[in-house]
**Q** 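Dumping the structure here so I can ask a few things about it.
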Amino acid sequence: MKLDFAQIESKWKKIWEDTKLYQVHEDTSRPKYYVLDMFPYPSGAGLHVGHPLGYVGSDIYSRYKRMKGFNVLHPMGYDAFGLPAEQYALDTGVHPAKSTSDNILRYRSQLDNIGLSFDWNRQVRTDDAAYYKWTQWIFLQLFNHYYDRTDDKIYPITALIEIFESDGSAGVNAAASSHEPFSGDQWHAMNTTEQSAYLMNYRLAFRKVGYVNWCEGLGTVLANDEVKDGLSERGGFPVIQKEMLQWSLRITAYADRLLHGMDTLEWSESMKTVQRNWIGRSEGAFIYFPFVDQQDISIKVFTTRPDTIYGATFIVLAPDHDLVPVLTSVEKLMEVNDFSERVKNKPTDQKTSSQKKPDGVWLGTYARHPLTDDQIQIWIADYVLKDYGTGAIMAVPGDDSRDRAFANEYDLSIKEIIDRSQVSNAEIGDRQGMMINSSFLDGLHVTAAISSMLDYIEKNNLGIRNVEYKLRDANFSRQRYWGEPFPVYYDDQGIAHAMEEDTLPLELPDLDDFKPSPDGRSPLARLKEWMQPYPGNTRETDTMPGYAGSSWYFLRYMDPSNDVAFASKEKIDYWKDVDLYVGGVEHAVGHLMYSRFWHKFLYDLGKVPTQEPFRKLVNQGMIQGVIESLYLYKEKEEGKAHFISADLVEERKIPKEQLTSIPVHIDFVSDYGHPESHLNEHGIASFLKWRPEYSDAFFETSAGMKKAKEFQNATITTLSEIGKMSKRYHNVVNPDDVIARYGADCFRMYEMFLGPIEQSKPWDTMGIEGVNKFLKKLWSLFFNDQEEWIVNKNVPHDDSQKALHATIRKINEDVERFSFNTAVSQFMICVNELRKSDEHSIDILNPLVRTIAPFAPFISEELWQLLGHNESVHIAPFPEYDEKWLVTTSIDYPVCINGKKRGEINLPVGSTNAEIEKAAMALPEINKWIDGKPIRKVVIVPDKMINIVI
RNA sequence: GCCAGAGUGGCGGAAUUGGUAGACGCACUGGAUUCAAAAUCCAGCGUUCGCAAGGAUGUGCGGGUUCGACUCCCGCCUCUGGUACCA
């Protein structure tokens with residue numbers, strides 16, 4: 001029989017589907033294991049070879065665990081809602097619902113081609129009303145609860161109302177937006193609008209006016225993690241700060257638990273660090289600096305360095321700090337207003353540049369230093385941010401580089417309070433050295449001074465200890481069409497009300513014109529009847545952001561068609577949490593943070609049994625492509641384009657600023673991906689046909705300058721770089737094409753063989769031949785050149801047994817530690833060994849097929865059937881290795897002199913040190929090296945080596 | 001700037017606890033087979049000296065610990081990713 005992978009693949013794809021091989025059911029008799037992939041957003045471009053890297057890795061692990069006797073949940077679905085889907089729909093003019101469904105069909109067929117063992121019965125898609133009903137339900141729970149910091153628990157808002165009615169706000173220690181305290185009596189005196197405004201300060205899903213990232217190009221607001229360098233992550237449009245009324249989620253309530261929860265997780269250190277930095281916990285204190293002109297007003301600053309307070313020589317506030325109007329002197333009013341105006345109009349990206357010159361203005365007034373009673377100036381400056389800490393700082397130019405730069409710029413006094421002379425390399429702000437000029441702190445080390453000053457401040461009522469987080473509440477409104485509608489409505493007072501749970505889902509109405517409007521009004525606002533369901537009531541017309549549906553989808557897989565709960569308690573208690581989560585690093589602070597937050601909230605609600613959703617996380621790297629491009633001079637000569645060969649650029653050392661590179665379709669390039677890649681005559685002709693605007697261009701090569709038409713007998717070398725696979729660079733490799741040529745098993749194994757799964761690496765078109773050869777060799781253990789079945793029942797050779805069992809052991813170890821590249825290497829070694837001893841024994845091939853099954857599901861399934869089995873290899877037990885074949889009777893000891901190998905001896909296992917030494921000394925080549933010199937030492941490492949030191 | 005990770009042949013990458021560096025594959029070179037090609041098989045393949053046997057040297061750079069260092073410690077360089085006035 002000939003190896004015909006196309007036939008094998010279509011045969012088994014059908015059988016697996018017909019027999020529902022990968023369907024799982026809750027089964028308490030077996031241990032559960034939950035392997036999850038980050039579900040894809042079904043884009044119009046389809047999958048490229050980079051996407052399946054993680055899917056193949058998790059599939060190998062799932063299959064392996066299944067064969068090891070685990071009940072494995074391995075589902076897949078689609079992140080169908082959100083900005084990307086809508087943006088694609090806008091580009092193509094097709095309704096998002098249709099384009100999304102079409103794309104999903106395409107994704108499904110691509111995924112099936114790879115032979116992934118998903119239980120498609122459990123598929124979810126976030127744009128399905130039966131799914132987003134529960135997204136809306138979770139939102140309502142967030143809306144209807146608040147977070148009590150004393151108990152670290154959530155309580156219903158109704159409980160909060162009771163407290164307010166009896167005691168007012170004083171005794172409440174909750175995660176809340178700041179507001180004026182009120183008494184029970186004051187609460188009763190308020191009207192409903194005022195009361196609901198106060199309650200809004202406590203809800204975990206709440207509406208507030210605040211600065212948001214407004215993206216004009218997308219016509220919507222974005223979350224912090226969707227903005228990169230002042231541009232929108234999707235589309236690259238500029239983002240500005242704009243004040244708008246928006247829904248937010250109070251993720252800050254969970255900041256501390258999100259931080260400490262990570263200690264229990266098996267995530268990479270770098271991933272944990274990224275999340276820790278994003279949460280950004282700092283311990284410090286609030287300190288009050290009284291205003292000299294009005295003693296009842298004081299400025300509350302936040303500092304992590306209370307020890308440096310004696311060095312505080314001025315106060316700086318954010319330009320938009322609430323107290324600025326009060327603190328500004330009459331003479332300075334104009335100047336201060338001008339400054340505030342100027343700062344406000346600066347675009348975001350410039351505002352965050354650290355190289356910039358300090359910029360600020362004195363308010364013309366003074367604060368009193370709480371310890372020295374000195375009068376110090378009050379300034380505003382753009383380096384102080386309103387939304388961190390209190391929006392005000394005590395400036396310590398003696399030990400803070402920003403304050404120092406500012407003091408230098410405006411000639412403010414600098415007081416040294418730390419002596420760093422005893423510490424080498426100590427720099428400003430790095431918490432080293434001894435306190436000086438600081439009264440009772442003098443002589444203390446910085447660390448001791450911090451705690452000493454904290455005690456002093458609290459004892460004397462000058463301030464209070466405090467912990468600050470960089471983490472901001474998450475913006476939850478999008479002025480777009482393609483998302484979950486909010487299950488809320490506003491009454492004629494504008495008060496937000498939750499819809500009744502039994503009226504969910506609130507379905508997204510059909511809309512033909514879903515373009516965003518530049519004024520910030522949502523497309524849904526155009527549907528008058530939908531927007532006003534009853535007289536006096538209006539619906540929220542914003543929709544939820546992309547991360548809403550993806551923050552809990554992994555729970556839905558446990559019970560995907562339940563319509564009375566997001567999943568039944570019974571099923572959640574069985575599957576519990578995700579044991580292994582595989583996905584890209586790009587979700588480090590977005591999806592992974594929000595999911596953990598929602599999961600903790602659901603835990604507090606008593607709906608899930610674990611505090612953390614994802615126990616182990618593996619981040620697969622990206623598969624990159626080669627970008628081929630031509631160099632083009634930026635300044636055109638006589639209006640004509642002037643291309644220049646890459647080798648000439650190198651030779652003449654032409655600076656990159658003068659050049660721009662034009663991506664070229666890889667089909668035109670010879671030696672694609674190699675340093676000598678080039679366009680020949682033919683390639684240039686194809687290029688000009690493709691980009692006719694360059695038909696009059698000049699091409700400069702080592703053979704001189706020529707017009708395109710005159711081009712013969714010379715080639716123009718191209719620039720070859722590693723980069724993203726993208727349509728833009730014409731370097732996308734489609735897995736379907738690779739599979740059509742080499743088969744799915746080859747594709748899978750090659751993706752794994754490329755390198756460690758966590759690493760990014762370029763797709764190498766040539767390398768796949770090695771894996772292809774391997775699979776042919778594997779096949780040749782079963783069939784000879786005449787395509788005859790040659791498996792026999794002979795007693796296997798010892799060498800074969802050894803190779804097989806070493807392989808089983810290694811595959812166990814490698815799969816457990818996700819080292820799939822070395823696992824594939826081991827299969828190659830094993831098959832080479834079996835071929836060397838011409839091994840065709842069924843006793844070897846039977847376990848070998850099972851060992852390789854997780855990696856090459858199609859070929860192994862076919863061979864397993866040919867070996868006479870009726871049941872699928874994928875539910876057969878993974879073979880155990882037999883130690884017997886791995887124990888060696890003798891060991892080769894390298895004999896080293898001063899660490900260099902000079903000879904080798906072979907001794908039986910268990911030889912004594914004396915025997916080893918004796919045998920080593922007996923070697924003539926060793927004696928030659930020792931040459932009568934005295935031996936200083938002999939080191940014998942058991943079972944490893946012997947080293948003679950002379 | 002700060003934080004994290006990484007630097008090994010022409011290339012992708014192995015080396016599990018400090019113990020024969022370069023597994024496995026690609027590319028390349030030579031040979032076998034073939035009318036020829038493809039395919040397949042065999043051999044070689046860090047650098048350097050040598051006809052060879054054999055030696056020297058070698059895991060970004062400079063030091064250190066050790067009988068022995070890709071691995072541990074100190075100092076530096078480069079690259080990749082994250083982050084950016086967070087007090």
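Computed from a predicted structure; not experimentally measured. Keep in mind that the numbers below use all heavy atoms, side chains included, and drop hydrogens, waters and symmetry copies. Just so it is clear: chains get the letters A, B, ... in the order the sequence lines come, proteins before strands, and each one is counted from 1.
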**Q** For the P atoms, the ones on B:G13 and on B:U80, what distance do you get once it is rounded to whole angstrom?
**A**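 Approximately 15 Å lies between the P atom of B:G13 and that of B:U80.
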
**Q** Pick the nucleotide of RNA chain B nearest each of A:R472 and A:K900; which residue has the one closer to the 5' end?
**A**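 Nearest nucleotide further toward 5': that of A:K900.
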
**Q** Rounded off to whole Å, could you give me the CG-to-P distance for the A:L471 and B:A84 pair?
**A**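 Going from CG in A:L471 over to P in B:A84 covers 13 Å.
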
**Q** Whole Å only: how far is the CE atom of A:M593 from the C1' atom of B:U83?
**A**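 One finds 13 Å between C1' of B:U83 and CE of A:M593, rounded.
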
**Q** Return the nucleotide paired to B:U34: Watson-Crick means purine N1 to pyrimidine N3 with N6-O4 or O6-N4, wobble means G-U with N1-O2 and O6-N3, both under 3.5 Å.
**A**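 Pair assignment: B:U34 / none.
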
**Q** Please measure how far the P atom in B:A69 lies from the corresponding atom in B:C85, and state the result in whole Å.
**A**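 Nearest-Å result for B:A69 against B:C85 at atom P: 47 Å.
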
**Q** What does B:C11 pair with, Watson-Crick or G-U, if both distances are under 3.5 Å?
**A**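 Matched B:C11 with B:G25 under the 3.5 Å cut-off.
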
**Q** Which part of the nucleic acid, if any, lies within contact of A:N277, taking any heavy atom under 4.0 Å across all strands shown: a base, the sugar-phosphate backbone alone, or nothing?
**A**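 Sugar-phosphate, no base atom in range.
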
**Q** May I ask you to verify if any side-chain N or O of A:K937 is less than 4.0 angstrom from the OP1 or OP2 atom of B:C67?
**A**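 Checking B:C67 against A:K937, a side-chain N or O does come within under 4.0 Å of OP1 or OP2.
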
**Q** Which part of the nucleic acid, if any, lies within contact of A:R281, taking any heavy atom under 4.0 Å across all strands shown: a base, the sugar-phosphate backbone alone, or nothing?
**A**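 No contact at all - A:R281 keeps every heavy atom at 4.0 Å or more from the nucleic acid.
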
**Q** Both distances below 3.5 Å, Watson-Crick or wobble geometry, any strand: find the nucleotide opposite B:C61.
**A**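 Pairing partner, where one exists within any strand: B:G75.
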
**Q** Hey, does A:M945 reach any base, or is it just sugar-phosphate, or nothing, if we go heavy atoms under 4.0 Å?
**A**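 Answer is base: heavy atoms of A:M945 come under 4.0 Å of a base.
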
**Q** Using whole Å, report how far CH2 of A:W278 lies from C1' of B:U83.
**A**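 The answer, rounded to whole Å, is 9 Å.
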
**Q** Could you check whether atom CG of A:L886 has more than 12 heavy atoms from other residues, nucleotides or ligands sitting under 6.0 Å from it?
**A**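 Yes, the 6.0 Å shell around CG holds more than 12 heavy atoms from other groups.
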
**Q** Rounded to the Å, how far apart are A:M749 CE and B:G25 C1'?
**A**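 Nearest whole value for this atom pair: 12 Å.
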
**Q** Strictly below 4.0 Å: does A:K773 bring a side-chain N or O up to OP1 or OP2 of B:A39?
**A**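 No.
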
**Q** The side chain of A:D382 lies closest to which of these nucleotides: B:G68, B:A4, B:C85?
**A**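 The listed nucleotide nearest to A:D382's side chain is B:C85.
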
**Q** In the structure shown, which nucleotide is the Watson-Crick or G-U wobble counterpart of B:A56, with both distances under 3.5 Å?
**A**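 For B:A56, the partner nucleotide comes out as B:U47, under the 3.5 Å rule.
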
**Q** C1' atom, B:U40 versus B:U33: distance in rounded Å?
**A**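 Taking atom C1' in both B:U40 and B:U33, they lie 9 Å apart.
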
**Q** When the ring planes of A:W379 and A:Y410 are compared, do they come out parallel, tilted or perpendicular, using 30° and 60° as the limits?
**A**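 Correct class here is tilted.
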
**Q** Donor-acceptor pair, distance only, cut-off 3.5 Å: does the side chain of A:R472 make one with the backbone of A:D387?
**A**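 Answer holds: yes.
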
**Q** Please measure how far the C1' atom in B:A15 lies from the corresponding atom in B:U71, and state the result in whole Å.
**A**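 My reading of the C1' atoms in B:A15 and B:U71 gives 10 Å.
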
**Q** In terms of side-chain heavy atoms, does A:Y881 have a donor or acceptor partner in A:T851 at a distance below 3.5 Å?
**A**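 Result is no, nothing qualifies.
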
**Q** What's the closest nucleotide to the side chain of A:T273 if the choices are B:C3, B:G25, B:A87?
**A**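 Selected nucleotide: B:C3.
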
**Q** Quick check on RNA chain B: between A:K776 and A:K470, whose nearest nucleotide comes earlier from the 5' end?
**A**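 Whichever sits nearer the 5' end wins; that is A:K776.
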
**Q** Distance between the C1' atoms of B:C67 and B:G55, in whole angstroms?
**A**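 22 Å, rounded to whole Å.
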
**Q** Can you check whether A:R835 has a side-chain N or O nearer than 4.0 Å to OP1 or OP2 of B:C41?
**A**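 A:R835 to B:C41 OP1/OP2: side-chain N or O found under 4.0 Å.
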
**Q** The side chain of A:V939 lies closest to which of these nucleotides: B:C24, B:G19, B:A87?
**A**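 So the nucleotide nearest the side chain must be B:G19.
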
**Q** Base, sugar-phosphate, or nothing for A:K777, non-hydrogen atoms under 4.0 angstrom?
**A**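 Answer is sugar-phosphate: A:K777 comes under 4.0 Å of backbone atoms only.
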
**Q** Hunt down the Watson-Crick or G-U wobble partner of B:U80, both distances under 3.5 Å, from any strand shown, or write none.
**A**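 The answer is B:A4, by the H-bond criterion.
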
**Q** Determine the Euclidean distance between corresponding C1' atoms of B:A84 and B:A14; express it in Å to zero decimal places.
**A**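 Result for the C1' pair: 38 Å, nearest Å.
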
**Q** Do the numbers put A:K300 on top of the ring of A:Y288, so that NZ or CZ is under 6.0 Å from the six-membered ring centre and no more than 45° off the axis?
**A**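 Judged by the rule (NZ or CZ under 6.0 Å from the ring centre, within 45° of its axis), A:K300 is not positioned above A:Y288.
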
**Q** Tell me every residue that passes side chain to side chain contact (heavy atoms under 4.5 Å, CB included) with A:R835, counting only those two or more places apart in sequence or in another chain.
**A**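 Expected list: A:K777, A:S780, A:L781, A:V831.
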
**Q** Carefully, step by step, assess A:T313 and A:Q377 under the rule side chain to side chain contact (heavy atoms under 4.5 Å, CB included).
**A** CA-CA 8 Å; A:T313 53; A:Q377 295 187 348; over 6 Å; no

**Q** Tell me which nucleotide, if any, is Watson-Crick or G-U wobble paired with B:U17 when both distances must be under 3.5 Å.
**A**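 Pairing partner, where one exists within any strand: none, as none qualifies.
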
**Q** Starting at the 5' end of nucleotides 11-16 of chain B, put B wherever the base has a protein heavy atom under 4.0 Å, S where only the sugar-phosphate does, and a dash everywhere else.
**A** -BSSSB

**Q** OP1 or OP2 of B:A87 versus the side-chain N and O atoms of A:S282: is any pair under 4.0 Å?
**A**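 A:S282 to B:A87 OP1/OP2: side-chain N or O found under 4.0 Å.
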
**Q** What is the separation between atom OH on A:Y893 and atom P on B:G19, rounded to the nearest whole Å?
**A**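 So the OH-P distance, A:Y893 to B:G19, works out to 16 Å.
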
**Q** What is the nucleic acid contact for A:V771, judged by heavy atoms within less than 4.0 Å: base, sugar-phosphate only, or nothing?
**A**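 No contact.
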
**Q** What's the CZ-C1' distance between A:F302 and B:A87, to the nearest Å?
**A**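 It is 8 Å, rounded to the nearest whole Å.
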
**Q** What distance, rounded to whole Å, do you find between the two P atoms, one in B:G22 and one in B:G10?
**A**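 About 16 Å, rounded to a whole number of Å.
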
**Q** Can you tell me how far P of B:G19 sits from CD1 of A:I916, to the nearest Å?
**A**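 For the pair A:I916 CD1 and B:G19 P, the rounded distance is 18 Å.
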
**Q** Taking the side chain from A:N927 and the backbone from A:M921, do they hold a donor-acceptor pair closer than 3.5 Å?
**A**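 Yes, the answer is positive, given that a donor and an acceptor are paired below the 3.5 Å cut-off.
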
**Q** Which pair of heavy atoms, one from A:I315 and one from A:A367, lies closest together, and at what distance?
**A**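 Scanning both residues, the minimum pair turns out to be CG1-CB, 4.2 Å.
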
**Q** Using the C1' atom as the point on both nucleotides, what is the distance between B:A32 and B:C70, in whole Å?
**A**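 The answer is 39 Å between these two C1' atoms.
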
**Q** For B:G25, does the O4'-C1'-N9-C4 (purine) or O4'-C1'-N1-C2 (pyrimidine) torsion place it in syn, i.e. within 90° of 0, or in anti?
**A**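 This nucleotide is in anti.
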
**Q** Which base sits across from B:A87 as a Watson-Crick or G-U pair, both distances under 3.5 Å?
**A**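 Paired with B:A87, as far as the under-3.5 Å criterion goes, is no nucleotide at all.
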
**Q** Round to a whole Å and report the spacing from CD1 of A:I935 to P of B:C67.
**A**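 Answer to the nearest Å: 16 Å.
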
**Q** Testing the 3.5 Å rule here: is there a donor-acceptor pair between the side chains of A:Y469 and A:D256?
**A**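 Their side chains do contain a donor-acceptor pair, which is all the 3.5 Å distance test asks for.
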
**Q** Give a yes/no answer on whether the side chain of A:N832 brings an N or O atom under 4.0 Å of OP1 or OP2 in B:G25.
**A**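 Result: yes.
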
**Q** Among B:C67, B:C24, B:G55, which nucleotide sits nearest the side chain of A:N947?
**A**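 Output: B:C67.
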
**Q** Is the ring pair A:Y383/A:F406 parallel, tilted or perpendicular, if the boundaries are 30 and 60 degrees?
**A**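 It falls in the tilted class, 30° to 60°.
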
